[in-house]
Amino acid sequence: MSPPPPFAITLEEHSAWPGLGGAPDAHSVLWKAFPGAKEELEDYSTGRIAEMDKGHISFQIMSHLPGSTSHNPEGCRKGNNEMAEAIRKHPDRFGGFAGIPMAYPEQAAAELERAVKKLGFLGALIDNHLNDMTHYDDERFWPVFEAAERLDVPLYFHPAPPPQNVVAGHYNGNYSPVVRYGLATAAWGWHQDIGLHMLKLYAAGVFTRFPRLKIIVGHLGEMLPLMLDRVQQLPFLHKDGSGTFDDIWNRNIWVTSSGMFSVRMLEMVLKVTKKDRVLYSIDTPFAKSIEGWTFMQELAEKGSLSKEELDMFAYGNAQKLFKLDVVLKEF
């Protein structure tokens with residue numbers, strides 16, 4: 001049994017800013033499923049910090065609400081500026097992931113560079129696909145990967161809302177619209193789609209072209225940990241200049257616990273993932289920091305990780321990945 005960590009750093013923590021339209025009413029199903037989330041998304045100050053303190057979170061990397069950035073270059077610029085201003089007021093508690101317009105790759109790369117160099121952002125959180133479900137294996141998107149590698153900052157691939165034709169075509173069934181929405185998003189569809197995207201990037205040669213590219217995926221690996229051996233055993237994805245997909249998993253990809261506070265699932269992920277590649281996260285406001293702290297206490301009590309490994313998971317791995325040099329509040 002190890003003592004719980006003295007503090008934590010988290011990095012899948014959403015927010016909604018006026019420049020990108022705030023928290024739109026179009027997400028009505030989401031707001032019904034998560035009461036209070038809409039208001040929490042639009043709080044970037046005392047209320048957010050109080051919620052962090054409940055869960056012993058010293059530092060949070062904020063990101064833009066998924067589904068709001070990919071097709072809105074001007075909105076990204078405005079929203080990033082607004083987020084940067086909020087961070088300047090609390091630099092010891094907040095960092096930022098840029099929102100970038102992936103539908104316009106050259107502009108996305110330029111905005112990533114501006115956000116990192118001028119605003120001090122720590123990378124970007126990007127929608128996993130465009131509005132029509134397009135992934136980023138095509139070379140027209142690769143200027144973004146080039147910029148991220150050159151700037152030495154990670155890209156966090158986050159699930160994005162699927163279009164209605166996909167929801168209706170793949171997830172309709174003998175159940176309510178709420179169940180259909182859940183299966184299309186957080187209960188299944190989101191996660192398998194990111195896993196697929198990572199394999200497509202590998203197959204397209206992205207990691208051969210950009211061997212130092214850093215990618216983060218949430219939700220304990222978006223189903224990939226369970227499939228790593230299967231992918232390697234079958235003759236479809238052959239080793240190329242970048243190595244096997246298992247090599248990529250251990251070199252280019254980091255995993256967070258966002259929204260999945262399960263000791264047994266984390267233990268499973270750690271069987272196939274290096275311990276310095278797994279980072280703690282909450283998924284604000286769709287999960288609560290106090291739930292994350294309970295999870296952290298359970299990990300400590302069960303002894304799944306040594307004290308050193310638990311501290312790495314809680315904050316050490318994030319400090320290293322993001323080169324953070326801030327004094328962190330202890331609890």
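When only modelled atom types and interatomic distance are considered, Thr284 and His14 share no side-chain donor-acceptor pair under 3.5 Å. Inspection of the Arg277 and Asn317 side chains reveals no N or O donor paired with an N or O acceptor under 3.5 Å.
Here the rule is ring-ring contact (aromatic ring centres under 6.0 Å, His included) with His197, and of Phe141, Trp190, Tyr136, Tyr202 only Tyr136 fits it. With Glu12 as the fixed residue, the side-chain hydrogen bond (donor to acceptor under 3.5 Å, both in side chains) test singles out one of Ser63, Ser258, Ser257, Ser281: Ser258. Each of Val326, Ile49, Ile61 was compared with Phe94 under the side-chain contact (heavy atoms from CB on, under 4.5 Å) criterion, and only Ile49 meets it.
The residues Glu51 and Lys288 are annotated as not salt-bridged, no charged nitrogen and carboxylate oxygen being separated by less than 4.0 angstrom. Taking the charged nitrogens against the carboxylate oxygens, Arg88 and Glu85 do have a contact shorter than 4.0 Å, which makes a salt bridge. With respect to Arg150 and Glu146, a salt bridge is recorded, a charged nitrogen being found less than 4.0 Å from a carboxylate O.
Applying the 6.0 Å contact sphere to NZ of Lys323 captures more than 12 heavy atoms from other residues, nucleotides or ligands.
One hydrophobic cluster holds both Tyr315 and Phe322 under the rule that ILVMFWY side chains link at heavy-atom gaps under 4.5 Å.
Phe236 forms part of a hydrophobic cluster together with Leu234, judged by ILVMFWY side-chain heavy-atom separations under 4.5 Å. Met312 belongs to no multi-residue hydrophobic cluster, having no ILVMFWY side-chain contact under 4.5 Å with any other such residue.
In this structure, Ser15 and Met62 approach most closely via the heavy-atom pair OG-CB, 4.1 Å. The minimum heavy-atom distance between Arg48 and Glu40, with the atom names listed, is NH2-O, 3.3 Å. Of all the heavy atoms in Asp132 and Thr134, the pair that sits closest is OD1-OG1, 2.6 Å. Nearest heavy-atom pair, Ala184 versus Val167, reported as atom, atom and distance to 0.1 Å: CB-CG2, 4.0 Å. Closest approach of Pro225 and Val269 over heavy atoms only: CG-CG2, 4.1 Å. Residues Pro163 and Met133 share a closest heavy-atom pair of CD-SD, 3.4 Å.
In this structure, the side chains of Met52 and Glu13 stay at 4.5 Å or more apart for every pair of heavy atoms.
Distance check: Ser70 OG to His129 NE2 gives 8.5 Å after rounding to the nearest 0.5 Å. Taking CD of Glu113 as the reference point, atom CD1 of Ile100 lies at 12.0 Å (rounded to 0.5 Å). With rounding to the nearest 0.5 angstrom, the CZ atom of Arg114 is 4.5 Å from the CG atom of Leu119.
In this pair, Phe157 and Phe145 present their aromatic rings parallel. The plane angle is below 30°, not in the 30 to 60° band.
In this structure, Gln232 contributes its side chain and Asp246 its backbone to a donor-acceptor pair below 3.5 Å.
Aromatic ring centroids of Phe331 and Phe7 lie 6.0 Å or more apart.
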